[in-house]
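Down below is the structure, laid out as structure tokens.
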Amino acid sequence: MIAQQAVYLALVTAVLTQMFFVPEAPAAETLRGIKRWYYRQRVAILSFFLGTLLNVYTVFFFKSSSLLVSFSFMLVLIALLVLNEFGPLKRLGVAFRFALLSVCGLSFCATVVPMVFGRVSMMIFLLSMAAGCVPMLALAAWIRRRAPERYPAARQQMLVPFGLMLIMFLGAYLLRVIPPVPLSIPFIGVYHSVERSRDAYQLSHERPAWAFWRNGDQKFRAQPGDRLFVFFRIFSPASFADEVSLHWFRREERGWALQDTIPIKIVGGRAEGFRGYGVKSKYPPGEWKVQVETMDGREIGRVYFDVEPAPTSARTFKVDVQ
């Protein structure tokens, strides 16, 4: 997939550069064969490849995000995707197409560079943004040497859109709304116990059958001596060996108050995701939430649950296997 994305980015860059130098197609009667086909289809070619890339990165960011946190960033990506697919692309000009290419190039680097280093952090993100700058700056420098008279137009139509998209990515990171690709949480839930048996984890819960959308006991009936477990799976590439933290919050009069933070080391490569859990023995009744975050403070996922005291009595747990 990485190789395919790199090829698509190279093709889009080549077509856009040619369109920059030749914005209007020559008269049809002067063209023959493949050139005639190319000039007829080059806008469709751009729309196809850019649409494919935007689809890929929209899915990547969506799966890596807690949508409540990253909604604004996802909205921008979806708007660009819709504009590419249904907007009047022919009238939007080369600058808009270079803006789309910039989004795809920066998204590619934001995904691939953490895979190379096997972790996510502010320094890795800044390094990925720096890597994303190289192709566009190299293209602008090439145009400046090859056709100096076209450089002012290149600066306006290439570098300005790229700079705006770069500012968007950096701003989203500072606001902590950019999802922490390539990490994602496909599963998180609340349980009465978590026990490892060979290659599987047995998760005990009292969830009623009708609450099929919940993972475990999001209404946690706590008898004296019960411990509270939050179990999760994190998908990460094989090269990953990083650390995440579980932040435990309880709702108080002034809002959510941090109660505890538990760091957990993760190792990538398992198809179903790295399995881990946090446990608390002391937890007053009330509304709770647990957020799983990277060490640079970007949220991967969360779960809400209510703790209700219950008298000591016999009970039968159901067991899920992960």
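Values reported hereafter were calculated over all heavy atoms of this structure, with side chains retained and with hydrogens, waters and symmetry mates removed.
The two atoms that bring Cys109 and Pro114 nearest to each other are O-CD, 3.8 Å, heavy atoms only. In terms of heavy atoms, Lys318 sits closest to Ala209 at NZ-N, 3.8 Å. Between Phe305 and Asp217, the shortest heavy-atom contact is CB-O, 4.3 Å. Scanning all heavy atoms of the two residues, the minimum distance from Met136 to Ser102 falls at CE-OG, 3.8 Å. Of all heavy-atom pairs spanning Pro186 and Phe235, the tightest one is CD-N, 4.0 Å. When all heavy atoms of Gly105 and Leu9 are compared, the pair lying nearest together is N-CD2, 4.0 Å.
Between the side chain of Asp306 and the main chain of Lys219, no donor-acceptor pair closer than 3.5 Å is present. Panel note: side chain Ser128, backbone Phe125; a donor-acceptor pair is recorded below 3.5 Å. Under a 3.5 Å cut-off, the side chain of Arg97 and the backbone N or O of Leu50 do not form any donor-acceptor pair. Checking side-chain atoms of Ser121 against main-chain N and O of Ile124 turns up a donor-acceptor pair under 3.5 Å.
Here the straight-line distance linking atom CD of Glu299 with atom CG of Leu183 works out to 13.0 Å at 0.5 Å rounding. The distance from the CZ atom of Arg150 to the CZ atom of Phe21 is 7.0 Å, given to the nearest 0.5 Å.
One hydrophobic cluster holds both Met122 and Phe169 under the rule that ILVMFWY side chains link at heavy-atom gaps under 4.5 Å. Hydrophobic cluster membership differs between Phe61 and Leu174, with clusters built from Ile, Leu, Val, Met, Phe, Trp and Tyr side chains linked at under 4.5 angstrom. Taken together through direct or relayed side-chain contacts under 4.5 Å among Ile, Leu, Val, Met, Phe, Trp and Tyr, Tyr57 and Met1 form part of one hydrophobic cluster. Both Tyr39 and Ile45 are members of a single hydrophobic cluster when ILVMFWY side chains are connected at heavy-atom separations under 4.5 Å.
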Test Val279 against Leu228 for side-chain contact (heavy atoms from CB on, under 4.5 Å), laying out the working first.
CA-CA 6 Å; Val279 57; Leu228 192 155; over 6 Å; no
Output, in order, the C-alpha distance, side-chain angles, deciding distance and verdict of side-chain contact (heavy atoms from CB on, under 4.5 Å) for Leu203 and Val319.
CA-CA 5 Å; Leu203 315 177; Val319 177; 5.9 Å; no
Is there a side-chain contact (heavy atoms from CB on, under 4.5 Å) between Asn55 and Val59 once you walk through the steps?
CA-CA 6 Å; Asn55 269 296; Val59 171; 5.6 Å; no
Please determine whether side-chain contact (heavy atoms from CB on, under 4.5 Å) holds for the pair Asp260 and Leu246, giving the CA-CA distance in whole Å, both sets of side-chain angles, and the decisive distance to 0.1 Å.
CA-CA 8 Å; Asp260 200 2; Leu246 270 64; over 6 Å; no
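Legend: residues meeting salt bridge (charged side-chain N to carboxylate O under 4.0 Å, His left out) with Arg207, ordered by chain and number and at least two apart, are Asp320.
Looking only at side-chain heavy atoms (C-beta outward), Arg233 and Gln322 come within less than 4.5 Å of each other. For the pair Val267/Phe240, no side-chain contact is recorded, criterion being any heavy-atom separation below 4.5 Å from C-beta on. Considering only heavy atoms from C-beta on, His247 stays 4.5 Å or farther from Val290 through its side chain. Within the 4.5 Å cutoff, the side chain of Ile2 has heavy atoms near those of the Met115 side chain. Proximity of Glu308 to Phe220: side-chain heavy atoms (C-beta onward) are nowhere separated by under 4.5 Å. Looking at heavy atoms from C-beta onward, Tyr173 lies in side-chain contact with Asp296 at the 4.5 angstrom threshold. The shortest side-chain heavy-atom distance between Val12 and Cys104 does not fall under the 4.5 Å cut-off. Side-chain contact between Leu16 and Phe98: present, with at least one pair of heavy atoms (C-beta onward) separated by less than 4.5 Å.
Ion pair Asp226/Arg315 flagged as a salt bridge, since at least one NZ, NE, NH1 or NH2 atom sits closer than 4.0 Å to an Asp/Glu carboxylate oxygen. Contact check on Glu243 versus Lys265 returns a salt bridge, with a Lys/Arg side-chain nitrogen under 4.0 Å from an Asp/Glu carboxylate oxygen.
The ring of His192 has its center closer than 6.0 angstrom to the ring center of Phe317. Ring centroid separation for the pair Phe231 and Tyr201 comes in under the 6.0 Å cut-off. You'll find the ring centres of Phe229 and Tyr191 outside the 6.0 Å limit.
Figure legend: Arg275 and Phe232 shown without cation-pi pairing, the cationic atom not lying both under 6.0 angstrom from the six-membered ring centre and within 45 degrees of its axis.
Counting non-hydrogen atoms of other residues, nucleotides and ligands closer than 6.0 Å to OH of Tyr277 gives a total of 12 or fewer.
A donor-acceptor contact closer than 3.5 angstrom is absent between the side chains of Gln259 and Tyr283. Under the 3.5 Å distance criterion, with hydrogens and angles disregarded, a donor-acceptor pair is assigned to the side chains of Arg302 and Tyr304.
Within the structure, ring pair (Phe, Tyr, Trp, His ring centres under 6.0 Å) contacts touching residues 135-164 (residues at least two apart or in different chains) do not occur.
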